[in-house]
Amino acid sequence: MFGAGNQGRSGGRRARLRRAAALALVGAVLTGAAACGGDGATDGDKGGKDARTDGKAPASTSAEDADDAAGSAASAGSGEPGTPGTSGGSGALSQRDLTALAFTDGEKIGKYTAGEFSLGEPQGEDYTADPATCQPLVSLAKGATAFDPASEVHRNVDVAEEMVGTTVAVQLRSYNGGGAAGVMNALGAAGKACAGGFVENRAVAKGRYLKVEPVKAPDHGDEAQAYRFTILDVKGTLKLYEYLTVVRSGATTLSFRADILDTKDIGKVPEEVITALWKKFEAASTR
């Protein structure tokens with residue numbers, strides 16, 4: 001959600017303090033009324049996959065159906081450790097291997113600097129969607145779909161000197177079996193079902209998403225999806241914008257969520273951030 005990329009890095013304390021001050025000014029923006037979902041948009045899927053199921057039992061699903069969904073997740077959860085770039089996936093990368101693919105603390109990507117989150121996983125399990133079908137658009141954390149990651153690594157990317165600037169939450173997740181493809185199907189289904197809006201619930205705030213729009217996805221991996229979110233402030237006057245891009249390669253997904261502490265539309269996830277991580281990932285797959 002708006003401001004989610006600013007949960008703190010291990011470095012850049014002065015910049016974080018400036019961001020905290022800015023966040024206080026826009027905190028009221030993130031509280032608001034609930035909205036209902038819609039449908040009818042294309043899913044922005046670069047790979048042309050048919051997103052026919054969200055991979056997760058909705059709140060109204062019977063206990064029997066929920067058990068079936070859990071069983072599907074369990075059957076997908078078997079497999080041996082895999083390699084980056086394996087089409088279709090089979091086994092998850094280990095935590096060690098996934099960490100080796102991620103940006104390192106202090107790594108420079110053009111004007112941006114990568115760092116580790118000091119306050120835990122961004123967009124974690126405490127971020128939920130109403131209706132539940134929209135959950136993959138809010139978070140791909142454990143429990144978001146029927147397919148839980150076997151390993152995951154999270155990085156924050158921003159311009160440390162800027163108080164109000166673009167931040168990107170970069171999240172790598174690896175899955176056993178067909179979990180990664182299942183997650184992408186769930187994301188695509190959510191993109192369609194929630195095109196008309198939904199509500200993001202947090203511990204102390206709600207964010208009203210007015211619109212979910214597919215945008216051009218990068219030509220990386222086996223498939224990729226990208227979305228633009230329009231979020232309404234509590235007074236119903238300011239529109240905020242956020243972008244999500246998810247790339248799947250084999251059993252691993254690379255997720256990029258970009259926002260800004262401003263009403264400015266940043267237009268997309270910064271290409272240099274996506275490209276830099278993809279090159280690291282691709283290089284590892286050829287070794």
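Just so you know, these numbers use all the heavy atoms, side chains as well, and skip hydrogens, waters and symmetry mates.
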Any idea which heavy atoms bring [X] and [Y] closest together, and the distance?
X	Y	value
P218	A224	O-CB, 3.5 Å
G250	A180	O-CB, 3.6 Å
T133	A190	O-CB, 3.4 Å
A258	V168	CB-CG2, 4.0 Å
L93	S151	O-OG, 2.7 Å
F198	V138	CE1-CG2, 3.4 Å

When rounded to the nearest 0.5 angstrom, what is the spacing between [atom1] in [X] and [atom2] in [Y]?
X	Y	atom1	atom2	value
L232	L238	CG	CG	8.0 Å
I274	K279	CD1	NZ	13.0 Å
K280	L101	NZ	CG	8.0 Å
E200	S139	CD	OG	9.0 Å
R248	D222	CZ	CG	4.5 Å
Y209	L137	OH	CG	8.5 Å

Check: [Y] and [X] side chains under 4.5 Å, non-hydrogen atoms:
X	Y	result
V183	P136	no
T263	K239	no
Y241	T230	yes
T253	Y175	yes
F281	V247	no
R173	H154	yes

Margin query: Holding to ring pair (Phe, Tyr, Trp, His ring centres under 6.0 Å), I want the full list of residues that pass it with F103, two or more places apart in sequence or in another chain.
Written below: none
For the side chain of [X] and the backbone of [Y], is there at least one donor-acceptor N/O pair under 3.5 Å apart?
X	Y	value
Q95	A150	no
R96	L98	no
Q171	L254	no
Q225	M184	yes

Checklist line | E271, CD: over 12 other non-hydrogen atoms inside 6.0 angstrom | finding: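 For E271, atom CD is not crowded (no more than 12 foreign heavy atoms under 6.0 Å).
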Margin query: The test is side chain to side chain contact (heavy atoms under 4.5 Å, CB included); show your working for L187 and Y227 and say whether it passes.
Written below: CA-CA 10 Å; L187 181 64; Y227 297 95; 4.0 Å; yes
Checklist line | Intermediate values then yes/no, side chain to side chain contact (heavy atoms under 4.5 Å, CB included), F256 and L277 | finding: CA-CA 10 Å; F256 308 84; L277 186 63; 3.6 Å; yes
Next item on the list: Give a yes or no on whether a salt bridge exists between R228 and D265, defined as a side-chain N under 4.0 angstrom from a carboxylate O.
Entry: yes
